[in-house]
Amino acid sequence: PDSNTLGRQKYSIDSHTKIMQSDESILNVDMHYRTYNGVDIIKRFIFTRGSYEIRIQYIVNNNSGAPYTVSPFGRIKRAAPIAESHGIFS
């Protein structure tokens with residue numbers, strides 16, 4: 001559902017705040033989406049303590065009773081830095 005001709009789909013989340021507890025080394029953050037025909041998709045972000053790496057896992061549960069074809073899609077997007085203003089003549 002990340003790439004769709006009708007626009008991006010809206011995932012839902014259980015909580016807007018996730019905190020890795022001091023006794024944990026991995027934090028999973030799940031985002032949920034259900035297609036119009038009943039396919040459940042979980043997009044899981046996996047954070048590991050001490051690492052800058054963020055892994056992404058997709059879990060697809062096809063409850064539709066029909067074949068459902070998926071393919072991976074990914075993009076890294078960085079916002080352009082905001083230019084500093086030096087008054088009206090910048």
Side-chain angles (χ1 to χ4, degrees):
D2 285 344
S3 178
N4 185 328
T5 57
L6 301 175
R8 290 193 166 206
Q9 304 303 321
K10 303 261 184 197
Y11 285 90
S12 63
I13 55 175
D14 297 331
S15 172
H16 289 279
T17 304
K18 297 282 187 176
I19 298 173
M20 186 182 298
Q21 301 300 318
S22 60
D23 62 340
E24 296 177 324
S25 59
I26 294 178
L27 175 67
N28 292 331
V29 177
D30 290 350
M31 296 174 29
H32 302 267
Y33 176 73
R34 175 171 281 174
T35 66
Y36 67 92
N37 57 350
V39 176
D40 292 318
I41 299 172
I42 299 172
K43 185 175 185 178
R44 176 173 288 163
F45 294 85
I46 304 166
F47 300 88
T48 302
R49 185 179 304 282
S51 174
Y52 289 103
E53 177 185 33
I54 302 170
R55 292 180 289 149
I56 301 175
Q57 178 183 38
Y58 288 92
I59 301 166
V60 179
N61 295 311
N62 185 357
N63 304 310
S64 71
Y68 188 74
T69 303
V70 297
S71 59
F73 171 84
R75 172 173 70 175
I76 297 175
K77 185 175 180 181
R78 179 182 171 273
I82 299 173
E84 289 186 34
S85 175
H86 299 288
I88 61 172
F89 299 107
S90 60

Requested in this report: Given side chain to side chain contact (heavy atoms under 4.5 Å, CB included), test Tyr11 with Lys43 step by step and report yes or no.
Outcome: CA-CA 9 Å; Tyr11 285 90; Lys43 185 175 185 178; 3.8 Å; yes
**Report entry** Listed partners of Asn61 passing side-chain hydrogen bond (donor to acceptor under 3.5 Å, both in side chains), at least two apart
**Finding:** none
Query raised in the report: Looking at residues at least two apart in the chain, or sitting in another chain, which of them share a side-chain hydrogen bond (donor to acceptor under 3.5 Å, both in side chains) with Ser25?
Result: none
Query raised in the report: Asn37: what forms a side-chain hydrogen bond (donor to acceptor under 3.5 Å, both in side chains) with it, not counting sequence neighbours?
Result: Thr35
Requested in this report: Could you pull out all residues at least two apart from Ile13 that satisfy side chain to side chain contact (heavy atoms under 4.5 Å, CB included)?
Outcome: His16, Met31
Report summary line: Between Val39 and the options Asn62, Asn63, Val70, the side chain to side chain contact (heavy atoms under 4.5 Å, CB included) test singles out Asn62
Requested in this report: Kindly indicate whether the side chain of Gln57, heavy atoms from C-beta on, has any atom under 4.5 Å from the side chain of Ile46.
Outcome: yes
Report task. Could you grab the distance from atom NZ of Lys10 to atom OH of Tyr33, nearest 0.5 Å is fine? Result -> 11.5 Å
Report task. Using the salt bridge (Lys or Arg N to Asp or Glu O under 4.0 Å) rule, collect all pairs that involve residues 24-36, keeping only residues at least two apart or in two chains. Result -> Asp30-Arg44, Arg34-Asp40
Query raised in the report: So, do Asn28 and Phe45 sit near enough that their side-chain heavy atoms are less than 4.5 Å apart?
Result: no
Report task. Using the rule that two of Ile, Leu, Val, Met, Phe, Trp, Tyr join whenever any of their side-chain heavy atoms come within less than 4.5 Å, decide whether Ile56 and Ile26 are in one cluster. Result -> no
Report task. Could you list the residues that satisfy side chain to side chain contact (heavy atoms under 4.5 Å, CB included) with Thr17, not counting sequence neighbours? Result -> Ser15, Ile19
Query raised in the report: Tracing side-chain links under 4.5 Å among I, L, V, M, F, W and Y, which residues wind up in one group with Ile59?
Result: Ile42
Requested in this report: May I have all residue pairs that pass salt bridge (Lys or Arg N to Asp or Glu O under 4.0 Å) and include part of residues 45-58, sequence neighbours excluded?
Outcome: none
